[in-house]
Amino acid sequence: MLQVESLAVRFSRPGTATVQAVDPPLNFAVHRGETVGLAGPSGAGKTVTALAILGLLPTGAAASGAVLWRGLNLLSSSESLLRTLRGREIALIPQDPMSALHPFYQVHRQVAEAVRAHQRDITRSDALDMARLLLDRVGIPRFHGHDGGYPFQWSGGMLQRALIAMAIAHGPALIIADEPTTALDATTRIEILRLLRSVQESTGSSILLITHDRDVMTAMADRVVSIGRVPPPASAHYAATAGSEQSAGEVLRVVDLAVHYSGAGGSGAGGHVRAVDGVSLHINGGETFAIVGESGCGKSTLARTLVGLERPIRGTISIEGQNLVGATRTALRDRRRRIQIVFQDSASALNPRRKVGPCIAEPLHIHGCYRGKGGPAQVAALLELVGLAPYHADRYPHQLSGGERQRVAIARAIALQPAIVVLDEPFTALDWGARDDLLVVLRRLQTEFHTALLLIAHDLQLVRQIAARTAVMRDGKFVEQGETAALFAKPSHDYTRALVAGSLADQTVRQPLHLDHRR
Amino acid sequence: GDRTTESRPDTLVAAIESDPGQLNPAITTSGGVHTVADLLYNGLVGLDEHQRPVPELARSWTVDEDGRLYRFHLQTGVRWHDGRPFTAADVVYSFNEVLLNFHARTRASLRAVLLSVDAVDDSTVEFHFRQPYSPFLQQLNVVEAPILPRHLYAGRDPQTSRHNIAPVGTGPFRFVSYAPDAEIRYARNPNYFGGPPAIAAVIFRVIPDPTAQVLALEAGQVDWLFGVPAAQQKRLRGNPRVRMRQTTIGSGGTNCMVTLAFNLDRAAFTDVRIRRAIAHAIDRNAILERIQFGSGRVPLAPISSRIPLATAPGLQLPVYDTALSARLLEQAGWPRGQVLDLKLLPSFRAYAELIRAQLRAVGIDARLQLLEQAVFVHDVFDRRDFDMAMISYCNGTDPQIGVRRQYVSSSIGAVPFSNAAGYRNAEMDSLFDVAGRLVEPADRQRTYLHIQQLAVRDLPYIWLLESEATQAHLVRCAGFAFGAHFAATARCR
Amino acid sequence: MGAMGLLALSAPLLAPADPFALVGAALDPPSLHHLMGTDILGRDLLSGVLYGARTSLVVAGITGALAFIIGTGTGLVAGYAGGWTDDVLMRLAEIVQVLPRFFFAVLAVALFGPGLDRIILALAITSWPGLARVVRAEVLALRTQDFVRAAEAAGASHTRIVMRELLPGVLSPAFVMIGLLLGQVLLLEASLGFLGLGDPNLASWGALISQGQPFLLVAWWLPLFPGLAITLTVLGMNLLVDAFSGSVPT
Amino acid sequence: MMRYLVRRLLLVPLTVMAIVTISFIMIHAAPGDPVLALAGEHGDRAYYEFMRERFGFDDPLPTRFVTYASRVLRGDFGNSYVQGRSAAALIAERVPATLLLTASALVLGALVSIPLGLWTARRAGGRWDGFVNFFALTLYSMPLFWVGQMAVVVFAARMGWLPVEGIATAGSDATGIHRVTDLLQHLALPAVVLASHEIAVLTRLVRSGVAQELGRDHVRMARASGLSERVILLRHALPRPMLTVVTVVGTRIGQLFAGALVVEIVFGWPGMGRLLLSALQARDAPILLAFFFLVSCSVVIANLVADVIYAAIDPRIRYG
Ligand SMILES: Nc1ncnc2c1ncn2[C@@H]1O[C@H](COP(=O)(O)OP(=O)(O)OP(=O)(O)O)[C@@H](O)[C@H]1O
Ligand SMILES: Nc1ncnc2c1ncn2[C@@H]1O[C@H](COP(=O)(O)OP(=O)(O)OP(=O)(O)O)[C@@H](O)[C@H]1O
Ligand SMILES: [Mg+2]
Ligand SMILES: [Mg+2]
């Protein structure tokens with residue numbers, strides 16, 4: 001069916017350096033009824049390859065090599081010919097469902113529009129009926145909602161289904177599915193994969209599945225074509241003995257802390273959002289304490305409150321015996337030196353308009369610890385400590401990778417040698433390499449500086465490796481806390497048990513997907 | 001369609017600069033209103049080309065009690081445009097209720113000296129004066145004293161009457177329509193007592209931009225311009241289809257003289273040598289040639305040469321002599337480079353810039369201050385806060401109307417365009433009183449000669465230019481009269 | 001625009017003559033001796049345009065600076081403080097922004113006399129709201145960024161956060177607005193001149209055009225060259241802003 | 001959504017009253033004595049006292065403001081000092097001409113800028129795109145009155161294609177189609193000149209808006225489902241930029257009026273512009289205040305209408 005021979009794509013824009021999007025040249029084929037996976041890390045060129053096949057590359061992009069479709073080279077065929085193929089013979093399920101539909105038009109009308117694209121003769125109302133049939137087919141109950149159903153009113157999962165409906169409108173021979181599951185949560189992810197499998201069986205079309213998620217790939221693809229740098233296996237050599245360094249006094253004690261947001265907050269559900277609802281914990285010097293929990297359980301709110309960025313309605317936060325809550329401005333300023341924070345999103349953690357050097361030196365200036373001539377040496381030492389070179393001091397944040405930016409944020413946090421550093425999900429935005437470097441830095445903080453770490457994370461594997469004690473948080477409360485190893489070995493609270501069980505790493509998707517047509 | 005006026009030969013299209021706003025000439029002295037409205041009305045006594053009184057609504061008149069009683073015999077059979085007869089009652093009403101209250105010039109000059117206005121019978125009106133008042137006959141034309149229809153205005157506020165935009169007069173043309181800021185149309189008054197005009201209709205087009213007016217004339221879309229800017233005159237002179245003529249008679253003011261006033265209260269000007277030095281430093285011929293391109297006259301005397309009564313043979317105004325000027329300044333101990341401020345209205349900008357350049361040559365630094373009308377009048381006449389000021393004094397048809405206010409000490413203060421210099425001279429005051437009472441022209445001329453000699457000696461002002469308006473019209477029309485009823489005698493083909 | 005700016009500053013040196021001095025015959029067409037010809041009084045138009053450049057750029061510059069200070073200040077405070085201060089300042093900005101700027105300037109100048117200071121004040125007062133809204137929007141976006149929170153966590157005072165963290169981020173959109181404003185101020189000053197409301201004591205471009213206007217047919221160079229000077233300078237500014245920001249918001 | 005609209009509606013009277021109050025204070029606090037500018041030059045002291053008393057210039061400012069405000073609430077804007085007629089009537093007579101001019105400039109602006117914007121957006125970055133962008137910027141940099149004067153000299157005087165000034169041929173009482181053609185001939189030049197700035201602004205807006213839309217995912221999805229380029233341009237790429245055009249036009253009403261004032265003077269167009277200018281010179285307060293009232297009302301309402309249209313078209317705001 002589809003034969004791709006030494007495909008390479010180059011982006012050359014005036015004023016920017018040319019980017020080799022697909023390099024080395026790509027060769028693969030897709031046979032009738034087969035599901036071929038296209039795997040690779042983010043930025044490897046998966047989406048660009050899909051666009052090259054459909055001839056939808058943006059201006060300034062040049063594709064070389066050949067894309068043979070039933071013997072016809074698509075790269076050199078005319079726009080009008082390609083238009084007859086798109087949607088009818090080769091269909092695309094785009095990467096981000098939330099922005100793939102026009103916000104101003106109702107979803108079913110856009111599906112109808114795709115139907116009429118290749119069937120000029122049918123009337124508008126017939127097209128709408130066909131659209132409703134397709135939406136039923138992909139499992140969206142009877143034309144969801146009567147208020148017209150605009151894209152922004154539908155969840156990511158439902159939009160993904162609508163896009164699939166558009167793709168299969170004309171029974172295409174090949175469906176290119178670009179990251180169909182990335183934006184979805186665990187449960188919907190499985191349903192979408194089952195839907196794709198049922199579509200394939202009923203229409204006999206072949207699928208080119210693009211994803212960087214190894215588990216989805218193993219579950220769906222008959223054959224996998226890999227593209228770009230293969231990620232190294234999860235580095236295991238950090239099974240070092242966690243929590244061995246007990247050190248002297250207690251650094252942080254939190255008693256019955258509560259933080260509420262007034263109704264106008266994100267959920268808009270009116271009334272109060274009890275983000276943190278009676279949390280107590282204590283951390284000793286040099287110890288690493290982890291907090292895990294589902295998204296929205298209040299982890300970040302707790303972190304922000306500990307460093308004085310949110311005002312709790314009750315409870316005390318005492319750092320080295322001095323209470324932070326209710327302290328006067330000057331007292332607050334001094335106590336804050338003892339506890340610092342590293343935020344979740346490394347992209348917005350650093351001021352884009354200031355170089356790395358001055359950015360790290362900022363806390364020193366605020367507290368007057370910047371020793372004039374000796375300043376640059378202080379900054380160089382901090383950079384070196386987090387595994388960066390002194391020349392990084394002259395770079396702007398956008399000239400660093402995500403991982404490097406995260407480590408500059410840490411350098412800034414430890415500039416004042418705080419007793420404890422709060423890290424809010426430092427690993428999520430990083431790819432494998434950067435995670436390993438970050439782990440090295442955290443280990444050095446523990447061993448060389450005896451800095452206590454409060455680590456907020458999703459990835460239970462990492463927590464098990466680095467944290468001495470762990471707390472599980474749900475709806476603003478600690479459901480359970482204790483020794484990490486013991487906690488994960490035999491969780492006493494059923495929510496913890498589900499959490500440990502729920503992590504995808506263990507569950508095998510490869511059980512046969514019994515697709516029923518109930519819906 | 002053909003946009004030129006040839007397409008309607010018997011219609012005269014005249015361009016005006018601004019929309020008059022309303023068409024009642026009796027309640028205002030504004031040139032904009034009079035230029036348009038005067039064609040609809042009449043005064044008791046008109047003025048010919050040489051400003052001599054000629055019969056209009058008054059067929060004849062007699063002056064008794066040595067100048068204290070004027071008796072006018074009205075034309076008979078004169079009808080208002082709406083058909084009602086014109087009677088003496090209209091004249092009495094117009095003076096007592098309207099002119100003496102709202103017409104600034106007539107009110108300023110007559111209210112103090114006029115005892116009463118009475119209608120002896122339907123066709124005779126008598127004016128009784130407290131003392132002899134010689135210039136009266138010069139103040140009765142349609143510009144100074146238009147007569148309104150009593151039957152339409154009596155009992156109503158003349159400033160807000162409906163008839164101000166749907167006027168009924170006795171004049172050579174009658175009102176047809178008024179489209180604000182666009183067009184005002186008149187038609188011929190077939191039974192005008194002075195004989196129906198040759199033209200069937202007159203249309204006033206509002207064209208604010210002077211350049212656009214000239215372009216419209218050249219394109220044949222307009223027949224008549226009331227004023228052609230100096231710069232455009234050279235261009236029109238070469239155009240065979242256009243005729244131009246000069247006149248000093250304007251609906252806003254007649255026989256106007258551009259003067260430079262010294263504020264005599266200021267220390268700088270107490271020494272007459274300084275004032276004389278400044279006079280010698282200014283080249284008035286350069287003003288005439290460079291700014292007015294020759295349109296106008298360099299004054300030879302303080303009073304406009306267009307007023308016969310004021311001819312002053314043998315009078316010598318300071319001549320342009322920079323050496324003499326510098327010497328005088330030195331003698332008077334003038335600190336070189338001292339700054340004097342010169343306040344003026346924006347329309348005199350070119351004059352002021354030329355004078356500034358000429359004064360700079362003799363070491364006087366004049367700083368210009370262009371002021372908006374209300375601020376200029378307030379600064380110069382109310383607060384007298386100025387060193388020098390440029391003012392255009394319209395001398396009018398009789399020195400008592402337009403010249404007296406410049407020199408008599410009683411008019412210093414809140415009255416605008418009065419004695420800006422602040423000139424106080426008892427002899428001058430008494431001379432003007434005498435001139436007002438004298439009846440014989442020869443006696444009045446001798447008095448005015450003496451007045452002008454005093455003025456040249458004391459030099460409260462410098463008389464820069466007798467300004468003239470340059471009117472222009474297409475050759476297809478001819479026979480235009482001078483003054484308010486310019487279209488009454490014209491004919492077009 | 002840079003070139004025009006340079007010309008303006010060096011006007012006193014370059015100008016062949018004092019713009020007010022009578023150097024040649026009246027209404028002399030452009031010649032080698034007078035590159036842009038002479039005006040009604042025989043003054044050299046080229047030196048008038050050069051001196052005019054300085055006046056006009058001074059008006060635009062000061063107006064821009066004033067509008068920048070008021071606008072950025074208000075935007076920073078409103079964006080950072082939030083709550084009722086934000087509401088009050090923004091309502092005020094809204095009222096001033098709705099004020100018809102040109103008519104307000106015309107009214108102010110016509111009533112209080114055509115001084116340079118009044119023109120600048122009138123234009124500045126009515127120009128700052130647009131900038132305030134842009135700056136406020138930028139501050140609201142920046143406030144949610146973590147580096148602002150990090151500074152707060154590090155104990156920085158409010159003023160330090162505003163000046164060191166927020167202000168740098170706000171400068172580029174502010175300069176785009178100011179670049180636009182400079183162009184509009186020049187055009188406004190010229191229009192005021194056309195209506196006869198320009199400052200007479202200064203050879204500004206607006207005054208030159210309004211004086212040259214009646215000579216359109218007789219001496220085409222009088223209104224042409226000052227108009228060209230304005231167009232080129234404003235174009236320069238707009239191009240600079242366009243390159244700088246990618247797209248010129250109106 | 002409704003709460004937002006109600007709040008905006010409440011703001012309208014507040015803003016308008018604020019503007020009228022500011023202008024009232026400015027007019028009456030200005031130096032110089034208005035009666036002098038108003039009542040001509042040749043009166044005597046008694047004449048000015050008489051006029052000052054008639055127009056109530058002597059009573060203190062606050063009382064004059066209260067009387068003025070109370071009368072405005074009853075819809076009476078007072079009489080023009082100079083012309084004695086009701087200020088509202090004087091302005092109402094001239095509104096149609098100005099409205100005709102500004103409306104035709106806007107329509108012309110839209111008709112030219114939308115196709116031009118679409119055309120350059122598809123060639124974004126190309127030679128033509130650069131040229132049109134430069135041309136639009138040049139148009140936007142030229143003073144309107146200067147362009148107007150040049151246009152009059154070249155097109156009306158030299159070429160004689162179009163009339164030099166005015167809204168209709170002198171004295172013509174043509175009716176029906178002739179009157180319309182005559183009017184259009186007079187309207188052509190001033191409308192084009194006034195539209196020049198609108199065309200410049202709107203073309204660049206449409207161009208950058210559509211170019212941005214074409215890069216969006218939903219356009220790529222539309223192409224992937226085989227829709228024709230024309231449908232993609234009109235149904236997918238144009239709607240959102242059109243929204244920004246609507247809001248920008250809403251905010252530019254004030255500038256459009258300012259441009260109209262200048263163009264009216266150059267072309268002798270019988271609109272409100274000239275009435276304002278003469279009222280300024282004569283310090284005719286009732287006309288000035290009525291004028292500011294009208295302009296600020298229209299600017300505020302234009303902004304409101306633009307926001308309502310924006311909310312009506314973008315469902316996220318309607319159901320937000
Ligand atoms: N329009 C563009 N202009 C310039 N570079 C581009 C453009 N689109 C993509 N690229 C570059 O091409 C490379 C591949 O991008 P692509 O989106 O195909 O990656 P991907 O494999 O789909 O990654 P992801 O998993 O995030 O979807 C990236 O480095 C990206 O920077
Ligand atoms: N500024 C705010 N205003 C109102 N509600 C908020 C605010 N910030 C957080 N919330 C709500 O408080 C709850 C906890 O949010 P928080 O960000 O602390 O969760 P989290 O555990 O960090 O989630 P994630 O894992 O996604 O980071 C959520 O329901 C969130 O919607
Ligand atoms: Mg991708
Ligand atoms: Mg979080």
Side-chain angles (χ1 to χ4, degrees), chain A residues 15 300 303-310 324 327 329-355 358-369 396-397 405-406 408-416 418 421-422 424-425 429, chain C residues 68 72 75-76 78-87 90 134-178 239-248:
Chain A
S300 300
R304 285 200 304 273
T305 315
L306 292 182
V307 287
L309 294 175
E310 302 281 353
L324 205 62
R329 270 193 66 78
T330 43
L332 182 66
R333 214 165 80 82
D334 296 337
R335 286 175 201 157
R336 277 183 141 160
R337 294 180 53 165
R338 305 306 297 149
I339 181 169
Q340 286 297 308
I341 187 166
V342 175
F343 289 98
Q344 186 168 345
D345 170 16
S346 64
S348 80
L350 305 176
N351 186 340
R353 279 178 185 67
R354 195 180 306 134
K355 289 186 179 170
C359 176
I360 293 181
E362 183 67 10
L364 298 173
H365 285 294
I366 291 176
H367 291 280
C369 313
Y396 281 96
R405 274 200 294 273
Q406 195 77 333
V408 167
I410 291 175
R412 175 177 61 190
I414 59 173
L416 298 163
V421 173
V422 178
D424 187 354
E425 298 193 38
Chain C
F68 176 77
T72 315
L76 278 173
Y80 186 72
W84 60 270
T85 33
D86 178 18
D87 268 345
M90 278 307 118
V134 166
V135 165
R136 173 175 172 277
E138 197 66 30
V139 165
L140 288 181
L142 285 176
R143 268 199 63 171
T144 56
Q145 298 285 1
D146 288 340
F147 68 86
V148 174
R149 289 220 186 104
E152 199 178 332
S157 65
H158 289 306
T159 35
R160 188 178 180 90
I161 291 179
V162 168
M163 297 312 285
R164 288 187 63 80
E165 307 294 343
L166 297 178
L167 189 56
V170 150
L171 289 181
S172 70
F175 283 139
V176 165
M177 290 293 287
I178 288 299
L239 284 174
L240 206 64
V241 164
D242 193 28
F244 194 73
S245 73
S247 73
V248 177

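Quick caveat: nothing in here was measured; it's all calculated off a predicted structure. Basis for what follows: all heavy atoms, side chains included, without hydrogens, waters or symmetry-related copies. Sequence lines set the chain letters: A, B, ... in the order given, protein chains first and strands last, and positions in each chain run from 1.
Sorted by first and then second residue, the ring pair (Phe, Tyr, Trp, His ring centres under 6.0 Å) pairs with a member in residues 332-353 of chain A form an empty list; sequence neighbours excluded.
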Give every donor-acceptor pair between chain C and chain A closer than 3.5 Å, one pair per line, or write none.
unit_1, atom_1, unit_2, atom_2, d
C:Gln145, OE1, A:Ser348, OG, 3.3
C:Asp146, N, A:Ser348, O, 3.2
C:Asp146, N, A:Ser348, OG, 3.3
C:Asp146, OD2, A:Ser348, OG, 3.3
C:Phe147, N, A:Ser348, O, 2.9
C:Glu152, O, A:Arg336, NH1, 3.0
C:Ala154, O, A:His367, NE2, 2.8
C:Arg160, NE, A:Glu362, OE2, 2.8
C:Arg160, NH2, A:Glu362, OE2, 3.1
C:Arg164, O, A:Arg354, NH2, 3.0
C:Arg164, NE, A:Glu362, OE1, 3.2
C:Arg164, NE, A:Glu362, OE2, 3.3
C:Arg164, NH2, A:Glu362, OE1, 3.4
C:Glu165, OE1, A:Asn351, ND2, 3.2
C:Glu165, OE1, A:Arg354, NH2, 3.4
C:Glu165, OE2, A:Arg354, NH2, 3.3
C:Pro168, O, A:Arg353, NE, 3.3

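Contact annotation for A:Leu350: only backbone heavy atoms (N, CA, C, O) come within less than 4.5 Å of a heavy atom of chain C.
Closest heavy-atom contact between A:Ile366 and C:Ala156: CD1-CB, 3.5 Å.
In this structure, the side chains of A:Pro352 and C:Phe147 come closer than 4.5 Å at one or more pairs of heavy atoms.
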